[in-house]
Structures are given as structure tokens and as C-alpha cells.
Amino acid sequence: MKHEEIEAEENVSIVVQFVLLGFSDLPNLQGFLFGVFSVIYMIILIGKSLIIIITRFDPALHKPMYFFLANFSSLEISYVSVTLPRILVSLWTQDRSISLLGCATQLCFFLVLGATECFLLTVMSYDRYVAICNPLHYPLVMNPKKCHQLAAGTWLGGMPVQVGQTWQIFSLHFCHSNQINHFFCDIPPILKLACGDTSAHEVSVYVVGMLFAVVPFMLILASYSKIVLTILRLPTAQGRAKAFSTCSSHLVVVVLFFGSASITYLMPKSNHSGGTDKLLSLFYTIVTPMFNPMIYSLRNRDVIAALNRLLFK
């Protein structure tokens with residue numbers, strides 16, 4: 001691979017182009033991996049698109065819960081499209097180079113959309129909290145205007161901080177190597193390539209991770225603690241089963257996403273290994289979005305009924 005660099009005044013080589021190593025350590029599986037990731041991408045696009053279509057056109061799903069689910073599906077299409085097409089191009093062409101600007105752009109979109117997912121999952125848990133714990137006030141609290149405001153807040157809320165963090169990361173000089181031991185531009189492997197002391201940047205990443213991952217996760221846990229207590233007080237077993245059914249799918253998605261993402265961004269740089277980082281990143285960037293449509297549809301009778309009306313009417 002071509003290693004492009006510029007000689008700085010201090011006689012230090014500064015990288016202006018990176019190489020995403022990705023799955024280059026598996027040379028005999030490049031074609032197989034291309035096929036697998038192509039199928040996964042199609043599953044994600046089709047599954048998410050079906051959810052968007054049925055929530056838009058089926059009157060039975062014109063409720064706040066499904067409005068946010070449609071937003072979540074649109075978000076995950078965008079989120080996956082930041083990384084997967086680039087992986088497919090690299091596997092097909094074997095060209096793993098990416099410019100400094102291209103790397104910064106990918107990281108920025110990835111961080112902004114990741115923050116949006118954290119906020120949106122929190123809003124979705126708040127929606128379930130109001131629906132189950134305060135059902136009489138639900139139509140008033142979660143009115144269409146409030147839903148649109150909450151959705152806009154989730155999409156835009158993390159943008160200034162994550163754009164600033166991207167700028168901060170790429171204001172560093174990269175002189176150790178131009179080879180990123182990852183399949184996309186992510187903070188932990190990029191920081192490993194930076195010159196000098198990056199402890200201040202690591203602290204910044206940790207603080208932002210606490211703000212955008214831990215705080216939303218704690219709010220979600222608080223919401224579901226109250227939801228569980230409310231469900232247990234319901235008089236009938238059928239009512240409890242229905243309430244648990246509408247919440248369990250969301251809780252599974254929350255645990256899968258926050259669990260793997262938190263390990264990646266809250267673990268000290270010295271404890272990161274290339275293999276572990278790639279495995280965890282695969283989990284929350286590709287595997288979880290692939291299973292989310294199945295998790296939501298198989299656990300939700302309204303979604304299954306709407307899909308049947310769409311596909312078999």
C-alpha cells in the first residue's frame with residue numbers, strides 16, 4: 001500500500017493518507033466476507049425500509065411509539081451506511097486507502113449518528129414510561145408536536161459536541177504509522193497513531209462517552225425500573241404480558257447497543273487491542289442493526305399484523 005506522507009519542519013513524517021487494514025489478515029476470505037457483508041447490508045436496508053413503510057402508511061401504527069421506531073429505522077440505515085459500503089469497496093477492490101479528510105468525515109458522521117442513537121433510545125424508553133406509568137396523560141404528553149420536537153432534538157442534539165470532538169482528534173499529528181487496524185475510522189485506533197501525549201484527548205473521549213452513553217443508559221434504566229414496578233401492579237396476567245411484550249424488545253436493543261459501545265469508548269487506550277475493537281465494533285455497528293428489525297417485529301403483534309396487511313393484502 002502506498003504510504004503518503006509530508007516531511008514536517010521538525011523532520012517528522014506527518015500522515016496525510018490512511019490505510020484501513022480491516023480484514024486484510026484474512027486474505028483467503030475476502031470474497032466470502034464480501035458476500036456475507038453484502039447480504040447483511042441488504043437485510044438491514046430491506047428490514048428497516050419495511051418498518052418505515054408500514055409505520056408511514058398503516059393507520060394502526062400512527063402512534064408515538066411507531067413514529068419513533070420509524071425514526072430509529074431511518075437512523076440505523078444512515079448509521080450502517082457510514083461504514084458498510086466502505087467495507088464492501090475495500091473487500092472488492094482491495095484498495096484500503098482513505099484520505100485524511102475522508103477519514104475525518106466518516107468519523108464525524110459516525111459519532112453524530114451514534115449520539116443520535118443514544119438519545120433516540122432514551123426518548124423511546126421515555127415514551128414507554130409515559131404510556132405504561134401515566135396512560136391517562138399519554139395522549140396529552142406525547143402529542144404530535146412534542147414527538148416531532150423530541151425527534152428533532154435527538155438528531156441535532158449531539159451534533160455540535162461530536163463535530164468538535166472530530167476536529168479535536170484530527171488536529172493531532174499522526175506520525176507513528178498510517179495503518180489503522182480497523183475496518184473504519186474510529187477514535188481508539190486513530191489515537192494510537194497520534195504523536196506525543198494524547199491523555200487529554202483520551203479524557204475528552206471519556207467525558208463525551210459518559211455524557212452520550214452512560215447518562216442516557218442510566219435514564220433508560222430509571223425509566224424501566226418504574227415501568228417494571230408499574231407492570232407488576234397490573235391486575236391481570238394478560239395485561240402484564242402485553243406490557244412486557246411492548247417493552248422487552250426495546251430493552252434488548254438497548255443492552256446490545258450500549259453494552260458493546262460503552263466497552264469500546266470507556267476502556268483506557270492501553271487496554272485496547274485491534275482484534276477486540278473490531279469484534280465489538282462489528283457487534284454494535286453491523287450485527288445489532290441487522291437483528292433489530294426482527295427483534296421489534298417478532299415481539300410486536302401490531303407490527304406483524306401491519307406487515308401481513310402490506311405483504312398479503
Side-chain angles (χ1 to χ4, degrees), residues 1-25 79 82-84 86-87 89-90 95-115 117-118 158-214 260-286:
M1 289 292 175
K2 184 180 179 182
H3 183 157
E4 291 191 15
E5 50 188 23
I6 296 175
E7 293 297 326
E9 294 178 3
E10 307 87 35
N11 201 27
V12 175
S13 297
I14 300 175
V15 174
V16 296
Q17 178 170 288
F18 291 111
V19 175
L20 292 167
L21 295 181
F23 304 99
S24 58
D25 55 337
Y79 185 63
V82 171
T83 57
L84 247 181
R86 174 73 210 187
I87 295 172
V89 169
S90 296
D95 179 10
R96 300 184 176 89
S97 62
I98 184 170
S99 67
L100 191 72
L101 178 61
C103 191
T105 302
Q106 185 184 53
L107 178 63
C108 186
F109 275 102
F110 179 77
L111 293 177
V112 169
L113 294 173
E117 182 150 355
C118 292
M159 194 174 294
V161 174
Q162 298 294 19
V163 170
Q165 180 162 254
T166 303
W167 177 84
Q168 184 186 46
I169 295 294
F170 281 89
S171 66
L172 294 166
H173 292 303
F174 303 98
C175 56
H176 292 161
S177 170
N178 75 329
Q179 297 187 340
I180 299 176
N181 189 16
H182 215 308
F183 54 85
F184 71 98
C185 293
D186 200 5
I187 292 177
I190 290 175
L191 281 180
K192 287 184 177 181
L193 306 183
C195 309
D197 183 17
T198 59
S199 56
H201 294 81
E202 290 180 56
V203 171
S204 174
V205 171
Y206 186 83
V207 170
V208 172
M210 293 290 290
L211 180 65
F212 286 88
V214 176
S260 54
S262 296
I263 294 172
T264 299
Y265 289 99
L266 299 181
M267 189 167 59
K269 187 178 77 168
S270 58
N271 294 340
H272 282 274
S273 69
T276 302
D277 283 349
K278 281 191 272 191
L279 183 61
L280 289 170
S281 296
L282 273 175
F283 200 76
Y284 68 81
T285 60
I286 296 174

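Hydrogens, waters and symmetry mates play no part in the numbers below; they use all other heavy atoms, side chains included.
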A.B. asks: What's the separation between atom CZ in R96 and atom CZ in R86, rounded to the nearest 0.5 Å?
C.D. replies: 10.0 Å
A.B. asks: Looking at CG of N178 and CD of Q17, how far apart are the two atoms once the value is rounded to the nearest 0.5 Å?
C.D. replies: 7.5 Å
A.B. asks: Hey, does the side chain of D95 reach the backbone of S90 with a donor-acceptor pair shorter than 3.5 angstrom?
C.D. replies: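 No, the answer is negative, given that no donor and acceptor are paired below the 3.5 Å cut-off.
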A.B. asks: Only counting residues at least two apart or in another chain, list the ones meeting side-chain hydrogen bond (donor to acceptor under 3.5 Å, both in side chains) with Q165.
C.D. replies: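 side-chain hydrogen bond (donor to acceptor under 3.5 Å, both in side chains) list for Q165, sorted by chain: Q162.
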A.B. asks: Side chains of K278 and N181, heavy atoms from C-beta outward: is any pair under 4.5 Å?
C.D. replies: yes
A.B. asks: Are L193 and I180 close enough that some pair of their side-chain heavy atoms sits under 4.5 Å apart?
C.D. replies: yes
A.B. asks: C185: what forms a disulfide (SG to SG under 2.5 Å) with it, not counting sequence neighbours?
C.D. replies: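 So C185 forms a disulfide (SG to SG under 2.5 Å) with C103.
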A.B. asks: Do the side chain of T198 and the main chain of H201 share a donor and acceptor less than 3.5 angstrom apart?
C.D. replies: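 Absent.
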A.B. asks: Just jot down the side-chain hydrogen bond (donor to acceptor under 3.5 Å, both in side chains) partners of S24, sequence neighbours excluded, or say none.
C.D. replies: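 Once residues adjacent in sequence are excluded, S24 has no partner under the side-chain hydrogen bond (donor to acceptor under 3.5 Å, both in side chains) criterion.
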A.B. asks: Would you say that L107 contacts T105 through its side chain, given a criterion of any heavy-atom pair below 4.5 Å between the two side chains?
C.D. replies: no
A.B. asks: Identify the two heavy atoms, one from A213 and one from C118, that lie closest to each other, and give their separation to 0.1 Å.
C.D. replies: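 Minimum heavy-atom separation between A213 and C118: CA-SG, 4.3 Å.
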A.B. asks: Start with the C-alpha gap between T83 and Q106, add the side-chain angles, then the distance that decides, and say whether side-chain hydrogen bond (donor to acceptor under 3.5 Å, both in side chains) holds.
C.D. replies: CA-CA 8 Å; T83 57; Q106 185 184 53; over 6 Å; no
A.B. asks: Which residue, T166, V82, V161, forms the side chain to side chain contact (heavy atoms under 4.5 Å, CB included) with L111?
C.D. replies: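 Testing L111 for a side chain to side chain contact (heavy atoms under 4.5 Å, CB included) against T166, V82, V161 leaves exactly one candidate, T166.
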A.B. asks: Determine whether V207 and V205 satisfy the following criterion, side-chain contact (heavy atoms from CB on, under 4.5 Å), listing intermediate values before the conclusion.
C.D. replies: CA-CA 6 Å; V207 170; V205 171; over 6 Å; no
A.B. asks: Run the ring-ring contact (aromatic ring centres under 6.0 Å, His included) test against F170 and tell me which residues pass, sequence neighbours left out.
C.D. replies: F174
A.B. asks: How far apart are the C-alpha atoms of S97 and F18, what are their side-chain angles, what is the distance that settles it, and do they pass the side-chain contact (heavy atoms from CB on, under 4.5 Å) test?
C.D. replies: CA-CA 6 Å; S97 62; F18 291 111; over 6 Å; no
A.B. asks: Is a side-chain donor or acceptor of D186 paired with a backbone partner of P188 at a separation under 3.5 angstrom?
C.D. replies: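 No, because the side chain of D186 does not come within donor-acceptor range (under 3.5 Å) of the backbone of P188.
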A.B. asks: Can you measure from OG1 (T285) to CZ (F183) and round to the nearest 0.5 angstrom?
C.D. replies: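 The distance works out to 4.0 Å.
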A.B. asks: What pairs with F110 under ring-ring contact (aromatic ring centres under 6.0 Å, His included), at least two apart in sequence or on another chain?
C.D. replies: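 Only Y79, F184 meet the ring-ring contact (aromatic ring centres under 6.0 Å, His included) criterion with F110.
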A.B. asks: Does the side chain of L191 reach to within under 4.5 Å of the side chain of L172, using non-hydrogen atoms?
C.D. replies: yes
A.B. asks: List in chain and number order the residues that pass ring-ring contact (aromatic ring centres under 6.0 Å, His included) with Y284, two or more places apart in sequence or in another chain; answer none if no residue qualifies.
C.D. replies: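 So Y284 forms no ring-ring contact (aromatic ring centres under 6.0 Å, His included) with any residue.
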A.B. asks: Is atom OH of Y206 surrounded by more than 12 heavy atoms (other residues, nucleotides or ligands) closer than 6.0 Å?
C.D. replies: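 No - once you tally the heavy atoms of other residues, nucleotides and ligands closer than 6.0 Å, there are 12 at most.
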